[in-house]
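Bear in mind that the values here come from a model prediction, so they are computed numbers and not experimental data. Side chains are part of it too, since the values below use all heavy atoms of this structure and drop only hydrogens, waters and symmetry mates.
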Amino acid sequence: MDNAIFVPRLCQLEQTIYHSKIKNIHYQRVYFGNEFCEKLTPGLKDIQQVFDFCRNQGYEFTLVTSYLTENTIADLMKVLEQVNQWGYEIEIVVNDWGTFNIMSQFPNLRPVIGRLLNKMYRDPRLEFVKNDSEILAYYQKCSLVGTEFEQYLFDMGARVIEFDNLVHGMDLKFQKQGLKGALYLPYGVISTGRICLPGSWTLQKTQKFTTTACSANCSDIELEMEQTEHYDGIHKILQFGNTVFYLQDDNLLQKGITYANSAGFDRVVYQPSPF
Amino acid sequence: MKILAPVTSAEDVDLLFQAGAGEFYCGISPVSWIKRFGTKVWATGRRPDLSNLNDTEELKELVACAHKKGAPVFLTVNAAYYPADCVKDVFSMIETAVDDCKVDALIIGDPALIYAVRQRYPQIDIQVSSVAVTLNHQAVSFFQNLGVSRIILPRYIPIEDLAKITIRNPHIQYEVFILNDGCVQEEGHCYTSHLFGRFCARYYKLLTLVHPKDEEIAESFNHHLQDYSIWRWRVFNSGQNPETLGKPIGMCGICYLSELYKLGIASLKICGRGYSLDYRLACVRQINNVLDTVLKGEKPEYTQKIALQERDTAELCETNSLCYFR
């Protein structure tokens, strides 16, 4: 099983590489981009710079894209047209069915089914039902693998599908000639949305909590939800930008890696910071 | 442009139709599903005991009643996803709903289920639930290629973006939310279960700015968090029960009926399978009164004025907090 390291922004490349050295993480692939906010889709110059870095260092390269509104899908198409022309087989993580739809236009680019398209529940409160085997029969499974649709995605060019490391575990049955898994560590996504809490800070009140206005504060703010009325579990709940995550403890991290190995996952994606 | 209302019984249909509803939707949990999972896994995205019909006999009666009036009935099959070993139960329910009960379309959010239904039942009409997060015209094309007839667009798409989507991909029906439910996050990108209560709806007891640059900035951010709490409170009906009030007080899009009509939007969705009939009637009437002005050819400004009068929440509307099309 391979390892990948996730770099959300060009300015974090050096820091992420340094971090991985300290943590003794060996990786073969670099993920670059953002899954959660279209406004953070990297520009072509940044993509080129990280891609060149990967080529020089002998790493594979994966570009990560978010879910997209009508305003940005055309911009992404232009970026992908350019990346496609580089002439290398490059993975594109897609978190929007619209992006998946345009991938067939780019023969050098290979779609990865992003973890936001995989609708498995990541609710950390599911740890409270983890001894109920009948219920887990639902929550540990996914509709994108082990179904005819997995074959469809494969036929459309996808080879990898992403998963979070669930507090209640996974029980996936991939098709023999189908997709392979990629497991994200250590942040699991709880929810995300176009209305951004940090992104509304400093805006006029009538502009706050809309989908369009953005004060671009997400790189400076990390929020910790110390407690909610509905959750007093062991995992820390954090918000970066527009997205809420649970931070996996060592025990859950170990369980996830063990499962990924046993289930024939293709890779683990280590993400020191999602934004 | 029709008003789509939630129904929970055949008795609802007459009154909702008279009030102005032109289409209906409802859900039903397969008996085998309930036997297997109880109420801890929701087959239709809603609590089976509160928000759905009890059995297929009720569904049959309801559909027959609606069809007499020429109104279609759509069945929600919109859990976030259906793993392979659950699909058999769902297919069985779909066959009964379509063949015996004669529902007119299925509302599905899981592309894997859409694909599977299309393979087996090419004649069934499929609508894409908002949980599929169809935010751009390419995503519309993706689902069109899977053979669907209607896209239910997610909340919070500004009118200008809506126009671009419908113009770039005009050969399909579009449905938009028009009254009631809000969502703090993107509904289809929220991976929590309401089984345990809304993860987002309650007030956080504490949100900490982990890396405050200095006290002044931290204070400014704490004020912002208060604004966020207020907005979230408004999204969830300002802490009130609209049924008790007898009128909608949550999310709304009726100011934009003129624009939606011009864009050719097929359907206006009222949320609230769990609400009382009286409240749902109030919702339908409110929309219908505003829609009348559009159909009579009144100017958008006049329609908006009537919408504000009907709504009677001027202060809330001024905050721009509750609009689906902000």
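- Heavy atoms of A:Thr212 lying under 4.5 Å from chain B belong exclusively to its side chain.
- Both cation-pi conditions hold for A:Arg115 and A:Tyr184: the charged atom is under 6.0 angstrom from the six-membered ring centre and inside a 45 degree cone around its axis.
- If you run side chain to side chain contact (heavy atoms under 4.5 Å, CB included) between B:Leu113 and each of B:Ile108, B:Asn78, B:Leu106, only B:Ile108 comes through.
- The greatest number of non-hydrogen atom pairs below 4.5 Å with chain B, out of A:Ile135, A:Thr147, A:Asp164, is found for A:Ile135.
- Residues A:Tyr187 and A:Phe240 place their aromatic rings such that the two centres sit under 6.0 Å apart.
- Side chains of B:Ser141 and B:Asn169: a donor on one and an acceptor on the other come within 3.5 Å.
- Interface summary for chain A: among B:Glu318, B:His137, B:His189, B:Lys164, the most heavy-atom pairs under 4.5 angstrom belong to B:His189.
- With a 4.5 Å cut-off on non-hydrogen atoms, A:Asn242 touches chain B through its backbone but not through its side chain.
- Judged by distance alone, with hydrogens and angles left aside, the side-chain atoms of B:Asn320 form a donor-acceptor pair with the main-chain N or O of A:Thr206 at under 3.5 Å.
- Between A:Tyr67 atom OH and B:Glu186 atom CD the span is 6.0 Å, to the nearest 0.5 Å.
- Between chain A and the options B:Phe143, B:Tyr115, B:Tyr81, B:Phe37, heavy-atom pairs under 4.5 Å are most frequent for B:Tyr81.
- Ring-centre distance between A:Phe245 and A:Phe36: below the 6.0 Å cut-off.
- Heavy atoms of B:Arg155 lying under 4.5 Å from chain A belong exclusively to its backbone.
- Looking only at heavy-atom pairs under 4.5 Å with chain B, the residue among A:Glu148, A:Glu150, A:Arg194 that has the most is A:Arg194.
- Only the side chain of A:Phe100 comes within contact range of chain B, with at least one heavy atom under 4.5 Å from a heavy atom of that chain.
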Evaluate the criterion side chain to side chain donor-acceptor pair (under 3.5 Å) for residue pair A:Asn95 and A:Glu35; output intermediate values, then yes/no. CA-CA 7 Å; A:Asn95 282 295; A:Glu35 306 158 84; 4.7 Å; no

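- A salt bridge is absent between A:Lys119 and B:Asp110: the closest approach of a Lys/Arg side-chain nitrogen to an acidic carboxylate oxygen does not fall below 4.0 angstrom.
- The part of A:Val129 that comes within reach of chain B is its side chain, from C-beta onward, which places non-hydrogen atoms under 4.5 angstrom from that chain.
- The residue among A:Thr72, A:Thr202, A:Leu126, A:Asn118 with the most heavy atom pairs within less than 4.5 Å of chain B is A:Leu126.
- B:Val131 touches chain A through its backbone: at least one of N, CA, C or O sits under 4.5 Å from a heavy atom, while the side chain does not.
- Of the two parts of A:Leu203, neither the backbone nor the side chain holds a non-hydrogen atom closer than 4.5 Å to a non-hydrogen atom of chain B.
- When the shell of 6.0 Å around NZ of A:Lys180 is examined, it contains 12 or fewer heavy atoms from other residues, nucleotides or ligands.
- Judged by a 6.0 Å distance limit and a 45° cone about the ring axis, A:Arg9 is not positioned over the six-membered ring of A:Phe275.
- No other option in B:Thr319, B:Leu195, B:Ile165 has as many heavy-atom pairs under 4.5 Å with chain A as B:Ile165.
- B:Asn136 touches chain A through backbone and side chain together, each having a heavy atom under 4.5 Å away.
- Contact tally against chain A (heavy-atom pairs below 4.5 Å) for B:Thr134, B:Ile157, B:Asp161: the top residue is B:Asp161.
- Separation of the B:Tyr324 and B:Tyr256 ring centroids does not fall under the 6.0 Å cut-off.
- Of the atoms belonging to A:Leu68, heavy atoms from both backbone and side chain fall under 4.5 Å from chain B.
- B:Glu160 does not touch chain A: none of its heavy atoms, backbone or side chain, sits under 4.5 Å away.
- Between chain B and the options A:Tyr152, A:Tyr139, A:Trp97, the largest number of non-hydrogen pairs under 4.5 Å is found for A:Trp97.
- With respect to chain A, the highest number of heavy-atom pairs below 4.5 Å among B:Glu187, B:Lys40, B:His223 belongs to B:Lys40.
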Taking it one step at a time, do B:Asp85 and A:Lys173 satisfy salt bridge (Lys or Arg N to Asp or Glu O under 4.0 Å)? CA-CA 11 Å; B:Asp85 62 355; A:Lys173 304 271 188 296; over 6 Å; no

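- Taking chain A as the reference chain and counting heavy-atom pairs below 4.5 Å, the highest number among B:Val140, B:Leu135, B:Val235 is found for B:Leu135.
- Proximity to chain A involves both the backbone and the side chain of B:Tyr156, based on heavy atoms less than 4.5 angstrom apart.
- For chain A, the nearby part of B:Ala132 is the backbone; its heavy atoms alone come within less than 4.5 Å.
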